[in-house]
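Input: a single structure, listed below in structure tokens.
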Amino acid sequence: MALAKDIYQQLEAVVGPENISGSSAVIWSYMYQPFGNTKGVWAETLPEAVLLPKSTEEVVAIAKICNRHHIVFKAMSTGWGIHNLPGVKGAIVLDLRRMNSILEIDEKNMFAVVEPSVICMQLQVEALRKGLNCHIIGAGSNTSVLASATSVVGYGPDGLSMGFSGRNLLGVEWVLPTGEVLKLGSLGSGDGWFCGDGPGPSLRGILRGWEGAWGGLGVITKCAVKLFHWPGPAELEMKNAQPNYTLKEPIKYFRASLFNFPSLEKLGEAAYKLGESEVGYFITRLSPAFVGLQMAGGMNFVRLWESGMPQEMLKYALLFVIFANSEGEFAYQQKVLDQILEETGGEASPLAETEEMQGLTAISVIKVDAVTRSCFRSAGGFNTSFGAMDTIDLALNQVRAGTELKNSYIKKGVLMEDGGDNSATLVFDQGHMAYTEVLLMYDNHDDKSTEGAMAYIGDSNQACLKKSLGTPIFQLSQVGTGKHGLFSPACFNYDKWQKEIKRVFDPNNTGDPTAYTEPKK
Amino acid sequence: MLLDLNDYRNDMKRCARCSICKWPPLAQMKSWRFSQNCPAISRFNFHAYSGGGRMALGLALAEGKLDEADEELSNIVYRCTACGACDSSCKYNSELEVLWPIYATRARLVGAGCFREEHGPIIESLRREDNPLMKSKSERGRWAEGLDVKDLSKGGQAEVIYHAGCLYSFDPELSKVARETVTLLRSAGVEVGIRGAQESCCGSMAFQLGFQGEFIKFAESNIDDWNALGARKVVTSCACGFGIMKAVYPLLGKKMKFEVVHISQYLDELIREGKLQLSKKIPLRVTYHDPCNLGRKSEEYVPWKGTEKKVLGQLIVREPEKTVHRGWEGVYDPPRDVIRAVPGINFVEMERIREYAWCCGAGGGVKTTMDDFALWTAGERIAEAQSVGAEAIVTACSWCERNLRDAAAAQGKKMQVLDIVELVKQAR
Ligand SMILES: Cc1cc2nc3c(=O)[nH]c(=O)nc-3n(C[C@H](O)[C@H](O)[C@H](O)COP(=O)(O)OP(=O)(O)OC[C@H]3O[C@@H](n4cnc5c(N)ncnc54)[C@H](O)[C@@H]3O)c2cc1C
Ligand code: SF4
Ligand code: SF4
């Protein structure tokens with residue numbers, strides 16, 4: 001069903017002819033989406049057109065046209081993953097690439113106002129100059145600040161010191177699927193961007209729920225996010241160390257350490273204690289395969305893996321980074337850390353101690369710039385399983401369950417051998433929250449491997465239910481409409497509320513429901 | 001055949017769609033204002049214009065989802081300066097080829113007879129006049145009239161041959177650079193010869209537009225001629241020529257008995273050896289623009305040929321292992337060293353440099369066929385130079401100079417654009 005000519009013309013009048021396309025070439029470039037795809041790399045449903053709006057006014061005008069003509073639309077910021085594409089026929093895509101300004105950095109009140117396509121690295125480099133820093137999600141600094149804050153998950157390993165995107169969200173400008181503009185928090189009462197919960201309507205729960213509406217509830221055109229104190233220099237100078245960039249000079253009061261623990265339980269205990277003691281910049285549990293894949297690709301990885309070194313050295317390992325303001329604070333944090341290690345039997349590994357490793361680790365934890373390499377380059381296909389944001393204990397239970405289940409699929413030869421435990425576990429909110437996802441690498445161009453991967457994901461979803469391991473975040477968006485029903489009976493029937501929200505905020509169901517939910521009938 | 005889209009199927013199938021190709025390597029980003037690296041996506045915005053988007057289009061084409069005759073496809077394919085910035089950024093995280101599938105997509109369109117009308121006269125000019133500029137072959141050597149230099153078209157041999165390149169030969173404003181190059185080399189005691197009217201295009205334009213047959217013809221005949229003339233060193237001031245001779249000529253399998261040297265490398269060497277002395281002070285605040293073809297695109301390209309196999313279940317490994325060209329081995333320091341050798345000069349770097357330099361906008365046939373896009377791209381570079389307070393941009397490529405000068409003039413910007421040779425000449 002091609003867009004009727006008159007509708008196309010109405011949309012074209014809004015964005016200008018340069019910024020709308022229904023041509024096959026443009027559309028096919030958007031159809032390429034390996035992440036989250038159940039087969040190969042191409043999405044199944046072709047959108048009718050892609051639009052590049054430049055302003056809130058243009059988004060409003062588009063939404064109104066879509067409402068008048070019952071056309072489904074869906075927004076994307078950087079567009080990484082199949083959940084960016086509408087799953088219904090006859091829909092249009094709003095690529096928000098032209099809405100890419102950092103509108104304000106309020107140094108005194110420590111927040112930034114951004115448009116959708118500002119990526120974390122753009123915001124970080126501007127913030128650092130003002131002595132501030134921003135939270136970067138684990139996917140990397142190539143992702144949109146706004147998308148994580150308003151629409152999708154938002155955890156990252158610097159969460160220990162910089163929270164979680166959903167919580168860092170302040171004022172919001174939101175174009176509802178109907179075209180109405182809703183301003184949240186202090187913005188809603190004309191008091192600026194500084195607060196997400198008022199004065200003015202506090203609808204963060206509606207906007208995001210727990211993990212975000214994945215583009216199913218209209219378009220967020222601007223938002224403010226909290227910034228954090230940055231103890232380092234205004235600019236980080238790099239040097240080349242093929243294939244990496246690394247720090248030219250070490251930074252003051254920065255120390256990355258790698259610790260091994262006698263067991264997963266002890267590791268969990270240390271993570272709780274470290275969180276509660278409110279020290280540290282960054283914490284993540286490092287699984288052997290994840291680190292190995294960061295360090296090496298292809299045969300280099302195979303050699304590393306077959307040496308057994310990462311499995312041996314990183315069996316129960318935490319990467320912990322102190323980044324302090326002064327010598328005194330550094331010494332204090334180190335002392336706290338030493339005490340916790342003593343209590344939990346953690347031992348420092350010499351691996352991270354060299355100046356070279358300190359430089360490399362600094363870049364990967366501050367800049368979060370090397371995620372693609374560990375996820376996609378080994379087998380092509382990449383996905384994740386489990387992944388409820390909950391407590392540290394639950395996260396570790398997910399690791400246990402995931403390792404066991406995944407190993408059974410690895411034995412069948414359908415997934416890449418990574419010891420089963422290829423996971424990233426992060427702690428945020430002072431140890432009260434944690435997140436883990438059990439990663440899987442498979443060949444997405446090999447039917448047997450892809451079918452195996454999908455079967456594993458299906459089984460992991462069932463394991464989450466059976467073992468009460470929480471709702472796996474990514475699966476909710478990937479499994480599509482109606483699938484919330486799989487988990488909601490175990491979780492207070494949350495999807496009833498979701499459907500009700502969808503009905504009230506989107507009466508014509510023009511916000512693509514695929515990765516979110518259909519409205520209540 | 002040098003360029004076959006099917007050779008890149010696996011690269012195109014394994015693009016992660018992460019968009020990292022739209023920015024400089026993330027750790028090297030320095031400001032919001034200059035945080036883009038790809039002129040095409042920056043100017044046209046649809047994902048199709050980025051390196052990753054082009055991988056998707058290449059794959060769609062190879063799989064028959066798109067038709068070579070699609071007009072919009074052709075627009076997208078050629079609105080790209082083939083600068084390779086996407087390729088360099090992508091390879092920070094992967095081992096995928098991005099630039100070569102871009103070339104191969106062009107070759108695929110040309111192979112299917114779907115070339116653009118505006119490319120017709122260029123190719124015609126190459127065929128008839130040995131240059132892509134619609135200039136008469138007979139006028140090629142005129143730039144050297146009156147110079148004390150051995151014209152090899154009249155016979156003889158030379159160990160060092162200077163290849164001026166098309167634009168330095170024919171552009172009345174830029175041919176001064178070719179003259180000054182010869183003068184400098186002679187004054188440093190180098191016995192240099194030129195091919196005069198017999199010099200021909202390096203083939204770069206044909207290659208970049210996807211006309212591989214034409215390219216091969218030029219490349220082979222140049223190699224034959226230089227071999228026959230006894231050359232040990234072929235020196236060029238044209239970065240496009242240098243890039244193609246270094247990166248692509250070796251793929252033809254012909255023995256090249258000579259070394260290819262860019263003038264910036266040669267000047268650097270002569271200054272170091274004390275054969276060229278720079279004594280005049282130039283109290284100018286300058287920055288340096290890395291030409292793509294002198295920088296990231298001048299690494300010798302070794303196409304991977306082999307088999308893929310699976311180990312550790314589904315991990316894909318290549319046998320033999322692949323050489324990854326990240327663009328880090330380009331010519332970056334010699335031109336900078338030459339600039340620093342100029343007395344009194346105040347050299348400042350821009351934000352996007354070396355393997356992640358922003359393209360001037362002229363490459364890939366864009367200057368010749370889509371000048372507005374070329375000028376827009378150059379305008380961005382001039383703004384970047386202005387942001388570091390530079391009064392002049394020094395560069396080392398005729399196409400970059402032409403485009404940056406045109407953009408400065410068109411946009412009324414006060415910015416001198418100097419060839420590295422001009423700078424050295426002024427400092428003598
Ligand atoms: C390898 C990999 C690792 C990941 N790791 C993490 C991780 O560690 N932490 C994490 O939080 N997430 C992670 N993700 C998930 C997800 O990709 C990110 O949360 C997301 O990338 C956020 O930014 P983006 O620019 O890519 O958003 P996009 O991909 O553009 O959008 C993400 C979703 O939000 C919607 N959306 C985007 N912009 C708007 C808008 N303005 N208004 C309304 N809806 C909008 C889109 O429709 C889409 O459904 C990962 C993804 C990948 C591929
Ligand atoms: S070409 Fe490379 S950098 Fe660009 S989207 Fe694909 S994998 Fe990412
Ligand atoms: S070659 Fe240059 S212009 Fe073309 S897509 Fe890559 S970065 Fe953009």
Side-chain angles (χ1 to χ4, degrees), chain A residues 19 21 23-26 28-35 41 50 52 78-80 95 97-98 102 118-119 121-122 125-126 140-142 235 238 240 242-243 245 297-299 301-302 305 363 367 369-370 372-373 375-380 382 410 413-417 441-443 445-446 449, chain B residues 10 13-20 22-23 25-32 35 41 44-50 52-57 59-60 65-67 70-77 91-96 310-319 321-322 324 326 328 354-355:
Chain A
N19 299 310
S21 179
S23 85
S24 311
V26 167
W28 273 106
S29 74
Y30 284 88
M31 294 293 284
Y32 182 94
Q33 279 294 7
F35 179 63
V41 292
V50 180
L52 299 162
T78 74
W80 195 6
D95 179 346
R97 200 190 130 78
R98 292 172 70 227
I102 299 174
V118 172
I119 60 165
M121 189 44 61
Q122 289 173 316
V125 291
E126 293 297 334
S141 51
N142 47 319
E235 199 179 294
M238 303 293 146
N240 292 6
Q242 280 230 46
Y245 294 100
M299 274 318 286
F301 172 77
V302 177
W305 191 251
I363 294 312
K367 300 273 168 195
D369 63 338
T372 310
R373 76 169 66 154
C375 298
F376 292 93
R377 78 172 160 176
S378 43
F382 162 77
I410 289 171
V414 291
L415 304 180
M416 185 187 125
E417 154 70 290
M441 279 82 182
Y442 63 100
D443 181 354
H445 296 284
D446 173 326
S449 179
Chain B
N10 283 347
K13 275 159 63 175
R14 295 196 189 123
C15 158
R17 210 308 189 178
C18 62
S19 289
I20 283 179
K22 294 172 185 165
W23 297 288
L26 295 164
Q28 293 287 16
M29 191 185 285
K30 295 181 182 70
S31 74
W32 176 87
S35 58
I41 180 90
F44 299 104
N45 290 303
F46 289 111
H47 177 67
Y49 285 90
S50 67
R54 291 172 196 283
M55 297 276 262
L57 291 187
L59 184 62
K65 294 181 165 65
L66 279 172
D67 182 34
D70 186 312
E71 209 177 308
E72 190 59 13
L73 174 68
S74 164
N75 287 335
I76 298 167
V77 164
K91 284 183 178 138
Y92 179 39
N93 266 292
S94 77
E95 282 102 33
L96 303 178
K310 286 187 182 173
V311 293
L312 298 177
Q314 295 294 329
L315 178 83
I316 299 162
V317 291
R318 298 185 185 94
E319 272 181 357
E321 283 182 53
K322 186 179 172 178
V324 185
R326 296 193 169 85
W328 292 21
R354 301 174 81 99
E355 71 277 9

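Here is how names work: the chains are called A, B, and so on, in the same order as the sequence lines, proteins then strands, and each is numbered from 1.
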Please lay out, stage by stage, how B:Ile76 and B:Tyr49 fare under the test side chain to side chain contact (heavy atoms under 4.5 Å, CB included).
-> CA-CA 6 Å; B:Ile76 298 167; B:Tyr49 285 90; 3.6 Å; yes
Counting heavy-atom pairs under 4.5 Å with chain A, the top scorer among B:Lys310, B:Lys91, B:Met55, B:Lys322 is B:Lys310
Residue part contacting chain B, namely of A:Val50, when any heavy atom lies under 4.5 Å = both
Highest number of heavy-atom pairs under 4.5 Å with chain B: which of A:Phe376, A:Tyr442, A:Tyr30, A:Tyr32?
-> A:Tyr32
Examine whether an atom of B:Arg17 lies under 4.5 Å from a heavy atom of chain A, and if so say whether it belongs to the side chain, the backbone or both; otherwise answer neither.
-> both
Rounded distance [0.5 Å steps], CD1 in A:Ile119 versus CD1 in B:Ile20 = 8.5 Å
Report the C-alpha distance between A:Asp369 and A:Tyr245 in whole Å, list the side-chain angles of each, state the deciding distance to 0.1 Å, and finish with yes or no for side-chain hydrogen bond (donor to acceptor under 3.5 Å, both in side chains).
-> CA-CA 10 Å; A:Asp369 63 338; A:Tyr245 294 100; over 6 Å; no
Is B:Lys30 salt-bridged to A:Glu235, cutoff N-O under 4.0 Å?
-> no
So, the part of A:Phe382 with a heavy atom under 4.5 Å from chain B: the answer is neither
Per-residue contact mode, B:Ser31 against chain A (heavy atom under 4.5 angstrom) = both
Okay, B:Trp32 and chain A: the region with an atom under 4.5 Å from a heavy atom over there is both
For chain A, which of B:Ala60, B:Gly52, B:Ala16 has the most heavy-atom pairs under 4.5 Å?
-> B:Ala16
Among B:Leu315, B:Asn75, B:Val317, single out the residue with the greatest number of heavy-atom pairs under 4.5 Å to chain A.
-> B:Leu315
Shortest non-hydrogen contact from B:Cys15 toward A:Pro34 = O-CG, 3.4 Å
From the list B:Asn45, B:Leu73, B:Leu57, the residue making the most non-hydrogen contacts under 4.5 Å with chain A is B:Asn45
Would you confirm whether A:Gln33, through its side chain, and A:Gly79, through its main-chain N or O, come within 3.5 Å as a donor-acceptor pair?
-> yes
Please confirm whether the backbone N or O of A:His445 pairs with a side-chain atom of B:Lys13, one donor and one acceptor, at under 3.5 Å?
-> no
The interface call for A:Asn142 against chain B, heavy-atom contacts under 4.5 Å, is both
For A:Glu126, the salt bridge (Lys or Arg N to Asp or Glu O under 4.0 Å) test, sequence neighbours excluded, returns none
Residue from A:Asp446, A:Ile410, A:Leu415 scoring the most non-hydrogen pairs under 4.5 Å with chain B is A:Leu415
Taking every heavy-atom pair that is under 4.5 Å apart, which of B:His47, B:Glu319, B:Glu72 has the most such pairs with chain A?
-> B:His47
Among the options A:Gly380, A:Pro243, A:Ser23, A:Gly298, pick out the one with the most heavy-atom pairs lying under 4.5 Å from chain B.
-> A:Pro243
Heavy-atom closest pair (A:Ser24 atom, B:Asp70 atom, distance to 0.1 Å) is CB-OD2, 3.9 Å
Hey, what do you get for CE (A:Met238) to CE (B:Met29), rounding to the nearest 0.5 Å?
-> 11.5 Å
Mind ranking A:Val41, A:Val302, A:Thr78, A:Leu52 by heavy-atom pairs under 4.5 Å with chain B and telling me who comes out on top?
-> A:Leu52
Options A:Ser141, A:Ala379, A:Ser378, ranked by heavy-atom pairs under 4.5 Å with chain B, top entry | A:Ser378
Measure the spacing between CE of A:Met31 and NZ of B:Lys65 and express it to the nearest 0.5 Å.
-> 9.0 Å
Pick from B:Asn10, B:Val324, B:Leu59 with the largest number of heavy-atom pairs that fall under 4.5 Å of chain A | B:Leu59
Pick from A:Arg377, A:Lys367, A:Gln242 with the largest number of heavy-atom pairs that fall under 4.5 Å of chain B = A:Gln242
